[in-house]
Amino acid sequence: MPSRHPKANTVVVLDFETSGLSPNLGDRAIEVGAVLLENGSITDRYQSLINPGFRVDSFIERLTGISNTMLRSAPSATGVFKELARFIGNHNLVAHNASFDKKFMDAEMALARQSYQGTFACSMLIARRIYQNAPDHKLGTLVRYKKLPLAGEFHRALADAEMTANLWIKILDDLQADHQLDNLTFPFMKKLGRMPKASIAQFLLRQSQTEAG
DNA sequence: TGCCAGGCCCTCTTTAGGGCCTT
């Protein structure tokens, strides 16, 4: 029996909590959560709060449940991103609305003088294409829509990373079950996330026929 | 104190505007 989730899909799924929406305006990461997903299972986890060096506003405290008191004693970004770079290794990355996490990742990695090799795929872009009947494509909505387990409080980095990982596994399962696709490589998933919505059905059918030979 | 961004994607589109998503 072919592997349900080929080894090529070993990825790190990550999520940042941040002080705001834009590193260009001085916002910083305040928490990172990451999980290693191997052959469809979470095999390792990394989580840390990050001291941004300033007080976050009350909106962020309420949204995340992360208080300024918690951040005051948190480690600095330099050490955290050094550890994160080690955790990621050479793996590719998955995030929900990956463009957001990528811009913070790039900004913080540059500040910490660290680098990473992998590229990002976006669970939200793929979900918009294959779950077109979902009420919307927020992470929380998709977790409920697909009846995925809650991994903790939403808007905490490790819980969101784990739920994004569960969503990623569900997406792989559904592509296999509904479209008889087995060769779900990372490049294929990235391509799926960029495909025009109107062409998705045809694209999946063509892929399925190609795999069937 | 209140505000800020940006990529994607749709449509009444491409010489644009606005909703969705992330914190």
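No experiment lies behind these values; they were computed from the predicted model shown. Lettering of chains follows the sequences in order, A, B, ..., and the numbering in each one begins at 1. Side chains are part of it too, since the values below use all heavy atoms of this structure and drop only hydrogens, waters and symmetry mates.
- Atom-to-atom, CG of A:Leu142 to C1' of B:dC20 comes out at 12 Å; the value is rounded to the nearest Å.
- Within the nucleic acid shown, A:Asp57 has no heavy atom closer than 4.0 Å to any nucleic acid atom.
- Within 4.0 Å (heavy atoms only), A:Asp101 reaches no atom of the nucleic acid at all.
- Distances shown here put every side-chain N or O of A:His137 at or beyond 4.0 Å from the OP1 or OP2 atom of B:dC20.
- Using a 4.0 Å heavy-atom criterion, one finds that A:Lys103 contacts the bases of the nucleic acid, with or without backbone contacts as well.
- The nearest pair of heavy atoms linking A:Phe100 to A:Thr18 is CZ-OG1, 3.6 Å.
- Judged by distance alone, with hydrogens and angles left aside, the side-chain atoms of A:Glu61 form no donor-acceptor pair with the main-chain N or O of A:Val56 at under 3.5 Å.
- Proximity of a side-chain donor or acceptor of A:His96 to a complementary backbone N or O of A:Met163 within less than 3.5 Å is not detected.
- Taking only side-chain atoms of A:Leu25, from C-beta outward, the nucleotide of B:dC8, B:dA5, B:dT23 with the closest atom is B:dA5.
- Contact record, A:Leu49 with A:Val80: O-CG2, 3.9 Å, taken as the closest heavy-atom pair.
- Residue A:Phe59 contributes atom CZ, which lies 12 Å from atom P of B:dC3 at whole-angstrom precision.
- Comparing B:dG18 with B:dC4, their P atoms are spaced 15 Å from each other, to the whole Å.
- Taking each heavy atom of A:Leu37 and A:Ala165 in turn, the nearest pair found is CD2-O, 4.0 Å.
- Rounded to whole Å, the distance from CZ on A:Phe54 to P on B:dC4 is 17 Å.
- Note on A:Gly140: nothing from the nucleic acid sits closer than 4.0 angstrom, heavy atoms only.
- Taking atom CG on A:Leu125 and atom C1' on B:dT22, their separation rounds to 12 Å, with Å as the unit.
- Rounded to a whole angstrom, the distance from the P atom of B:dT13 to that of B:dG7 is 24 Å.
- Distance A:Asn24 CG to B:dG7 C1': 13 Å, rounded to the nearest Å.
- Nearest to the side chain of A:His96, among B:dT23, B:dC21, B:dG6, sits B:dC21.
- Using cut-offs of 30° and 60° on the angle between ring planes, the pair A:Tyr145 and A:Tyr131 is perpendicular.
- Taking atom C1' in both B:dG17 and B:dC12, the straight-line distance is 10 Å, to the nearest Å.
- Map A:Lys197 and A:Asp160 each onto its nearest nucleotide of DNA chain B; the residue landing nearer the 5' end is A:Lys197.
- Across the protein-nucleic acid pair, A:Phe104 atom CZ and B:dG6 atom C1' stand 11 Å apart, rounded to whole Å.
- The environment of A:Glu153 atom CD is sparse: at most 12 non-hydrogen atoms of other residues, nucleotides or ligands sit within 6.0 angstrom.
- Between A:Ala198 and A:Ser19, it is A:Ala198 whose nearest contact on DNA chain B lies nearer the 5' terminus.
- A distance of about 24 Å separates the P atoms of B:dG2 and B:dG6, rounded to the whole Å.
- Spacing between B:dT23 and B:dA16 at atom P, rounded to whole Å, works out to 31 Å.
- Atom CG in A:Asn97 sits about 10 Å away from atom P in B:dC8, given to the nearest Å.
- The side chain of A:Phe100 lies closest to B:dT23 when the candidates are B:dC8, B:dA5, B:dT23.
- Contacts of A:Asp27 with the nucleic acid, taken as non-hydrogen atoms under 4.0 Å apart, are absent.
- Between B:dT22, B:dT23, B:dC10, one nucleotide has an atom nearer to the side chain of A:Ile60 than all others, and that is B:dT23.
- For A:Ser99, taking side-chain heavy atoms from C-beta onward, the closest of the listed nucleotides B:dT22, B:dG7, B:dA5 is B:dG7.
- As rounded to whole Å, 20 Å separates atom P of B:dC8 from atom CG of A:Asp136.
- Checking B:dT23, B:dC20, B:dG6 against every side-chain atom of A:Arg128, the shortest atom distance belongs to B:dC20.
- Nucleotides B:dC8 and B:dT14 have their C1' atoms positioned 16 Å apart, rounded to a whole Å.
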